[in-house]
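First comes the structure, then the notes that go with it.
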Protein chains: 2
Amino acid sequence: MTTARRHATLEDVARAAGVSRSTASRVLAESGFASPIARERVRDAADRLGYVPNAAARALVRGAGVRLLVAVAGTSPGVLDDSYLDQVVSTTAQVCAPYGLGVTVAWVPLDQPGQLARLADDRAVAGLVLVNTTEALLDVVPRRLHGRTASIGIGSTAVPSVDIDNGGGTSAIVRHLYAAGRRRIAMVTGPAWLACSRRSVEAYRGLLREAGLPVREVAGDFSAARGRSAAREVLHRWPDTDAIVGISDATALGVIDQLRADGVRVPADVAVTGFDDIPLASVTALTTASHPVRRIAAAAATMVLEQRPAPPTTMFPSSLVLRESA
Amino acid sequence: MTTARRHATLEDVARAAGVSRSTASRVLAESGFASPIARERVRDAADRLGYVPNAAARALVRGAGVRLLVAVAGTSPGVLDDSYLDQVVSTTAQVCAPYGLGVTVAWVPLDQPGQLARLADDRAVAGLVLVNTTEALLDVVPRRLHGRTASIGIGSTAVPSVDIDNGGGTSAIVRHLYAAGRRRIAMVTGPAWLACSRRSVEAYRGLLREAGLPVREVAGDFSAARGRSAAREVLHRWPDTDAIVGISDATALGVIDQLRADGVRVPADVAVTGFDDIPLASVTALTTASHPVRRIAAAAATMVLEQRPAPPTTMFPSSLVLRESA
DNA sequence: CCCACACCTGGGAGCGCTACCAGCACAATC
DNA sequence: GATTGTGCTGGTAGCGCTCCCAGGTGTGGG
């Protein structure tokens, strides 16, 4: 196994099979004509020699890339140290393996979209997976990668996009709260520049307006820390609030923590809901909406690898998970 | 930004700078001689043209690879869907980005080490990060990659290796339990083929023997499910047990869950400890040992990228985190 | 009989880059 | 003045692969 001999090249395979390099290439790359006999002899020889095509050479001549770039927009590089992104990257790497492609991650500062152009303007980049970016970032994607870009959580139709049904998920949550008799429902939102956050907020507003209930919003940022301070803010501004919708599980957990610390009973006095269904949610009995992150990431990666022609947006459902917090 | 024009090549840079391709290459690859004047003009031209070296061409001629392979040993491909591995892969991808290298992950069946040889016998693989493998897998690493392999959690000296001080961590935990007056301490172990698991178990045994206490081991597999059944098994075999050491947080959480369901008070009747300090641990007040997973992964990746010459083993400390479960 | 038209093959160019080698200028030494 | 460096330079040969193109061979139709 630990062969010291030089790696077998296409030339070696061709010679062993008694055909030309061209024919061997045609057989192994599955392009163009080749007689069944030639086909078999080449495959045989390749097997025998343990031939593995040289990805660099292939990429060079084809003008193709050797890796996928997962780009994450955000205000600080801290977005990279996040369990959601960990799952996306790891899943992408799994999906890419059979294609012989690697994966890299990079943070794109929200106010410097040019950074993305710089990163993507590299022939080695075979495709792009944009995570939580703004539509503005899409403009900066080099033309070369237009067919090889997918986004997660942006809901754009300009680029094949995989999305969570944030609107539907939030609606389900708000309806559940309403059905449980809650009438003064507040929300800790996410950053407005994020489409997925906006969709949640809009669903919340829409439903409340429709029901003739007051809208009570406090700006958040997905974090638990902001959840804590937001909880205080909500009860300070609207003391009769009887439910708080968190934009994420982390936020909701922060809210619950603060409420309990302040002697507010959850869910008796105030019901609290999250979004995502992280492992912590089941332990803390958080009512939330669940999303198949791994499947979402795999779908996005597959889109760029297979160069799907059409499907503008694939929407993954958000399923309500009822637990004790609401 | 969205330049449609052909990508600038070294040739273009050289022409623009008024030097030969060789000189431009020497300047940009920082190898060999080049006059300050030439240096500046080439750098200038490269900047102006937005030159990005073609990784495939470079890799081809240098015989170098284009990606790192993270290989994980285990009994089923399920090992890939694990938050620990997610962190390792994601961190590796971050570290690799500036080097222009991608990352792939693969599962290597424990009983088919040859699979690793097959995966690694690809010129595109620039380096190897072995996660939770056995020493046997090391033999299968192609000679070409001998200087470009690092392992995590195996503690071998045959290969540069990054490790958690499992022994030290477990010792600290057992000592803490002893100091708290526990004398009948059981352990739910991990698979014996895993070095890091063995180190923990050995530390546990050593300390107990030293103190003249009985050793009470039940075989586990890191999972919460096994933690549950193991809890019952322990109390069935040794009803007077007053502490259970879990090989991981997940196991410990399973143990606690089962104990409480069976009416056993934690920690009053039985103290329980974990290992890893996953986010859940702080919420569930689990006493455990904490490890810097991201730093460990980064260290391993850096080892293979920088081809460190010597340091056989880097040991990361395990720090005791005291919470309420023990 | 020749031609058209399939199918199949090998030769060769060249992707973009680095490494090697010769060659130049200029300074220092004998 | 001849010799030996020392710094720097450009030409050129590939790395391993794919693709284009010219040139086969065989089959069927005019």
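Keep in mind the model is a prediction, meaning the values are calculated, not measured. Here is the naming used below: chain letters follow the sequence lines, and residue numbers restart at 1 for every chain.
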Are [X] and [Y] side-chain neighbours, meaning at least one heavy-atom pair lies under 4.5 Å?
| X | Y | value |
| --- | --- | --- |
| B:Asp86 | A:Val89 | no |
| B:Ile37 | B:Arg41 | yes |
| B:Leu101 | A:Thr104 | no |
| A:Leu68 | A:Tyr99 | no |

Rounded interatomic separation in angstrom, taking [atom1] from [X] and [atom2] from [N]:
| X | N | atom1 | atom2 | answer |
| --- | --- | --- | --- | --- |
| A:Glu30 | D:dC17 | CD | P | 16 Å |
| A:Glu11 | D:dT18 | CD | C1' | 14 Å |
| B:Leu49 | C:dG16 | CG | C1' | 15 Å |
| B:Leu60 | C:dC15 | CG | P | 13 Å |
| B:Arg39 | D:dG7 | CZ | P | 13 Å |
| B:Asp12 | C:dG16 | CG | C1' | 10 Å |
| B:Asn54 | D:dC17 | CG | C1' | 13 Å |

**Message:** Just to be sure I understand the rule, does B:Ala59 reach a base, reach only the sugar-phosphate, or reach nothing, if contact means heavy atoms closer than 4.0 Å?
**Reply:**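 The answer is nothing, as B:Ala59 stays clear of every strand by at least 4.0 Å.
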
**Message:** Taking any heavy-atom pair under 4.0 Å as a contact, classify A:Ala56: base, sugar-phosphate, or nothing.
**Reply:**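 Since no nucleic acid heavy atom lies under 4.0 Å of A:Ala56, the category is nothing.
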
Out of [options], which has the shortest distance to the side chain of [X]?
| X | options | answer |
| --- | --- | --- |
| A:Val19 | C:dG10, C:dC7, D:dG10 | C:dG10 |
| B:Ser20 | D:dG7, C:dC8, D:dG11 | D:dG11 |
| A:Thr9 | C:dT9, D:dT9, D:dG16 | D:dG16 |

**Prompt:** Does the side chain of A:Ser35 get closer than 4.0 angstrom to OP1 or OP2 of C:dT9 through an N or O atom?
**Reply:**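 Yes, within the criterion.
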
**Item:** Annotated protein contacts, base or backbone, on nucleotides 18-24 of chain C with a non-hydrogen cut-off under 4.0 Å, one of B, S, - each
**Value:** BB-----

**Message:** Could you check whether B:Arg15 pairs with B:Asp12 (Lys NZ or Arg NE/NH1/NH2 to Asp/Glu carboxylate O, under 4.0 Å)?
**Reply:**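 Yes, this pair counts.
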
**Asked** When rounded to the nearest 0.5 angstrom, what is the spacing between CD1 in A:Ile152 and CG in A:Leu130?
**Response**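 The CD1 atom of A:Ile152 sits 9.5 Å away from the CG atom of A:Leu130.
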
**Request:** Tell me yes or no: between the side chains of A:Ser22 and A:Ser25, is some donor less than 3.5 Å from an acceptor?
**Result:**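 Looking only at side-chain atoms, A:Ser25 and A:Ser22 do not form any donor-acceptor pair under 3.5 Å.
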
